[in-house]
Amino acid sequence: MSSSSNINESSTEQNSATVLDGKALAKQIEQSLSQRVAAIKNKTGRTPSLATILVGADPASATYVRMKGNACTRVGMDSIKVEMASETTTEQLKAKIDELNSNPDVHGILLQHPVPSHIDERACFEQIDLAKDVDGVTCLGFGRMSMGETAFGSCTPQGIMHLLEHYGIELSGKQAVVVGRSPILGKPMAMMLLNANCTVTICHSKTEDLQAHIERADIVVGAVGVPELIKADWIKQGAVVVDAGFHPTDNGGVGDIELTGIESIASAYTPVPGGVGPMTINTLIRQTVEAAEKAAGL
Ligand code: NAP
């Protein structure tokens, strides 16, 4: 972790936690991605491309897909936007994914979650070719990542791992508590922290006495989807706090963890917004560039 540069700083400053600034890190990584994209174009004459699939008209999903397309543009990549009607069937969606799997101009495929409830989302995720699973949503990708084999990790937890690594957060031997066990976030997060030698506890909606688990955590990851469910006064002094949640409010937004006053409790924390969110999109773009490099033999 970055240390204080002046040992005579006031006690307030000494108690101040490191802000794990995902927005700044994502911007920095984008610069190197632009160079890698240019190198792929030079070698192959092809522009790396991410296909995004949006099914239905959910406004939040449409915004996320637009943000991902904008990030592609910023690093010089193409994005192919596939928009499908809400009535799309599982078979139609799988056929579209097959088409993108066999298109050599597509290097990565993102199926925006969630799809309408009549569609078998898991079956559609599984249809994505492993080499193009840059969002890390397939069972095979998850299994390979868990076993420490080469695979694209699920973007939000993979982005969190990058952020922790960038700030030099010590993980080995630490007690990590992940609150949430979803396939795209909590479960892969727990496996990544386990692979980094944390001792991991996974909490969920049936967990008894959540507070007691949080109180002994060196690293807390909030991935619940409930505004400020995890209270600031449950956090152990000096813990590292990672908040994946974002819930818009009149004053901007809050996460899954109560962050008011966290500067004087945590040793490091992700701000909301500007922490985990930018790293998720950045990881998607980075993994698409990696897929394009592999396809180009770079
Ligand atoms: P999800 O699929 O709804 O899963 C939520 C998880 O939280 C479930 O495992 C659930 O337990 C658990 N949970 C719910 N209420 C709980 C409670 N009272 N106590 C303990 N555990 C509880 O959500 P998700 O997709 O993983 O997303 C989680 C959060 O991350 C949301 O705030 C979402 O907006 C955010 N997110 C952010 C990004 C990003 O890019 N920043 C990306 C994805 C998600 P059960 O399994 O028992 O139901």
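Remember, it's 1-based here, ligands and their atoms both numbered in the order they're listed.
Residues Ser267 and Thr18 fail the side-chain proximity criterion, which asks for heavy atoms closer than 4.5 Å. Side-chain contact check for His107 versus Met77: every heavy-atom pair is 4.5 Å or farther apart. Looking only at side-chain heavy atoms (C-beta outward), Pro116 and Val55 come within less than 4.5 Å of each other. When side chains are defined from C-beta on, Leu171 counts as touching Met161, because their heavy atoms get closer than 4.5 Å. Between Ser79 and Lys68 there is no side-chain heavy-atom pair separated by less than 4.5 Å.
At a threshold of 4.5 Å between side-chain heavy atoms, the hydrophobic network of Ile, Leu, Val, Met, Phe, Trp and Tyr places Val254 and Val19 in two separate groups. In terms of hydrophobic clustering, with Ile, Leu, Val, Met, Phe, Trp and Tyr side chains grouped at heavy-atom distances under 4.5 Å, Val221 and Tyr167 are assigned to a common cluster.
The closest approach between a heavy atom of Gly186 and any atom of ligand 1 is not below 4.0 Å. Close to ligand 1: Gly277, with a non-hydrogen atom less than 4.0 angstrom away.
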Exercise for the section: Assess whether salt bridge (Lys or Arg N to Asp or Glu O under 4.0 Å) is satisfied between Glu126 and Arg122, documenting all intermediate values. Expected result: CA-CA 6 Å; Glu126 295 310 323; Arg122 176 51 39 205; 2.4 Å; yes
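Ion pair Lys96/Glu99 flagged as a salt bridge, since at least one NZ, NE, NH1 or NH2 atom sits closer than 4.0 Å to an Asp/Glu carboxylate oxygen.
Taking a distance limit of 4.0 Å, we find that atom 20 (C) of ligand 1 is approached by some protein heavy atom.
The distance criterion of under 3.5 Å between nitrogen or oxygen atoms is not met by Lys206 with respect to ligand 1. Residue contacts with ligand 1: Asp256 is placed with a nitrogen or oxygen under 3.5 Å of a nitrogen or oxygen of the ligand (distance criterion only).
Listed by atom number, the atoms of ligand 1 under 4.0 Å from Gly180 heavy atoms are 6 (C), 7 (O), 9 (O). Close approach of ligand 1 to Leu185 (heavy-atom distance below 4.0 Å) involves ligand atoms 26 (O), 27 (O), 28 (C), 30 (O), 36 (N), 43 (C), 44 (C). Atoms of ligand 1 lying under 4.0 Å from at least one heavy atom of Leu229, given by number and element, are 17 (C), 18 (N), 19 (N).
For atom 46 (O) of ligand 1, the closest heavy atom belonging to the protein is Arg181 NE, 2.7 Å. Protein heavy atom nearest atom 11 (O) of ligand 1, with residue, atom name and distance: Ser205 N, 3.2 Å. Here the heavy atom of the protein found nearest to atom 34 (O) of ligand 1 is Phe246 N, 4.3 Å. At the top of the distance list for atom 4 (O) of ligand 1, counting protein heavy atoms only, stands Ser182 CB, 3.8 Å. In terms of protein heavy atoms, atom 40 (O) of ligand 1 is closest to Thr280 OG1, 2.9 Å. The protein heavy atom nearest to atom 25 (O) of ligand 1 is Ile184 CD1, 3.8 Å. Looking only at protein heavy atoms, the nearest one to atom 3 (O) of ligand 1 is Val224 O, 4.4 Å. With hydrogens left out, the protein atom closest to atom 35 (C) of ligand 1 is Ala244 O, 3.2 Å, a heavy atom.
Checked against side chain to side chain donor-acceptor pair (under 3.5 Å), Glu215 has the following partners two or more places apart in sequence or in another chain: Gln211.
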